[in-house]
Amino acid sequence: QVQLVESGGGLVQAGGSLRLSCSVSGGTFSTYSMGWFRQTPGKEREFVAAINWSGDRPVYIRSVKGRFTIFRDNAKNTVYLQMNSLNPEDTAVYYCAASRLGTVPGREHEYDYWGQGTQVAVSL
């Protein structure tokens with residue numbers, strides 16, 4: 001059974017930084033594309049970033065490009081999301097997901113496994 005566990009969320013002031021981690025167990029992490037999504041109450045889950053199995057093809061939504069960095073350590077079965085210059089619009093529950101597709105997916109249905117989420121709150 002593949003399990004994903006996120007950590008690193010919390011409360012931070014605008015302009016600050018957080019690093020989210022997602023540890024994967026029970027599967028073949030090095031073969032998965034990995035993604036981060038986020039969701040706020042009353043809204044649909046939104047794609048944020050994804051990375052291919054080897055870590056050399058990151059993809060971002062426009063609103064986080066230049067501020068967020070997704071990277072992975074296949075030796076540690078972990079994917080990270082470094083978030084800098086945070087603003088209140090980044091407040092959400094952040095979810096990690098794993099895809100068995102060989103591409104770098106950007107849609108929810110393309111992901112096979114999900115974590116439980118970690119809350120990120122950015123205050124003014």
Side-chain angles (χ1 to χ4, degrees):
Q1 182 179 358
V2 180
Q3 290 189 318
L4 286 69
V5 179
E6 302 97 335
S7 62
L11 175 63
V12 65
Q13 285 190 324
S17 298
L18 284 173
R19 177 178 290 185
L20 305 183
S21 301
C22 173
S23 178
V24 180
S25 61
T28 50
F29 176 80
S30 62
T31 68
Y32 299 148
S33 292
M34 298 298 299
W36 287 95
F37 289 73
R38 65 187 180 186
Q39 189 172 26
T40 54
K43 293 189 177 180
E44 299 209 345
R45 196 146 48 182
E46 173 189 38
F47 170 78
V48 176
I51 194 164
N52 65 325
W53 69 272
S54 61
D56 60 355
R57 274 197 293 144
V59 175
Y60 304 94
I61 56 171
R62 185 176 299 179
S63 62
V64 307
K65 196 174 286 188
R67 300 188 298 121
F68 290 11
T69 302
I70 185 171
F71 60 101
R72 64 191 295 161
D73 185 338
N74 285 349
K76 295 183 178 180
N77 288 359
T78 302
V79 63
Y80 304 91
L81 186 68
Q82 177 67 42
M83 305 186 295
N84 299 329
S85 302
L86 284 160
N87 59 62
E89 289 70 40
D90 297 315
T91 294
V93 177
Y94 282 72
Y95 296 90
C96 170
S99 172
R100 293 176 293 177
L101 292 176
T103 57
V104 186
R107 292 171 288 186
E108 278 192 69
H109 73 270
E110 296 175 306
Y111 286 85
D112 302 287
Y113 311 108
W114 291 84
Q116 293 300 307
T118 185
Q119 176 72 53
V120 171
V122 184
S123 64
L124 287 171

Is there side-chain contact between [X] and [Y], with heavy atoms separated by less than 4.5 Å?
X   : Y    : result
T40 : T91  : no
V79 : W36  : yes
V2  : Y32  : yes
L86 : F68  : yes
W53 : T31  : no
P88 : L124 : yes
K76 : F29  : no

Identify the heavy atoms of [X] and [Y] that sit nearest to each other, and give their distance.
X    : Y   : result
A92  : R38 : CB-CB, 3.7 Å
N84  : S17 : OD1-OG, 2.9 Å
V104 : A50 : CG1-CB, 3.4 Å
M34  : C22 : CE-SG, 4.4 Å

To the nearest 0.5 Å, what is the distance between [atom1] on [X] and [atom2] on [Y]?
X    : Y   : atom1 : atom2 : value
I70  : Q82 : CD1   : CD    : 12.0 Å
N77  : T28 : CG    : OG1   : 9.5 Å
W114 : S99 : CH2   : OG    : 10.0 Å
L20  : S7  : CG    : OG    : 8.0 Å
S63  : E89 : OG    : CD    : 9.5 Å
T103 : R57 : OG1   : CZ    : 7.5 Å

Can you tell me if [X] uses its side chain to pair, donor with acceptor, with the backbone of [Y] under 3.5 Å?
X    : Y    : result
N74  : S54  : no
R72  : N52  : yes
Y111 : P105 : yes

Q. What about the rings of F71 and Y80, do their centers lie closer together than 6.0 Å?
A. yes
**Q.** ILVMFWY cluster, V5 and F37 together (side-chain gap under 4.5 Å)
**A.** no
Q) Under 6.0 Å from the CD atom of Q39, do we count more than 12 heavy atoms belonging to anything else shown? A)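 Correct, the count exceeds 12.
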**Q.** Single hit among V48, V120, V64, D90 for side chain to side chain contact (heavy atoms under 4.5 Å, CB included) with M83
**A.**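 Passing option: V120.
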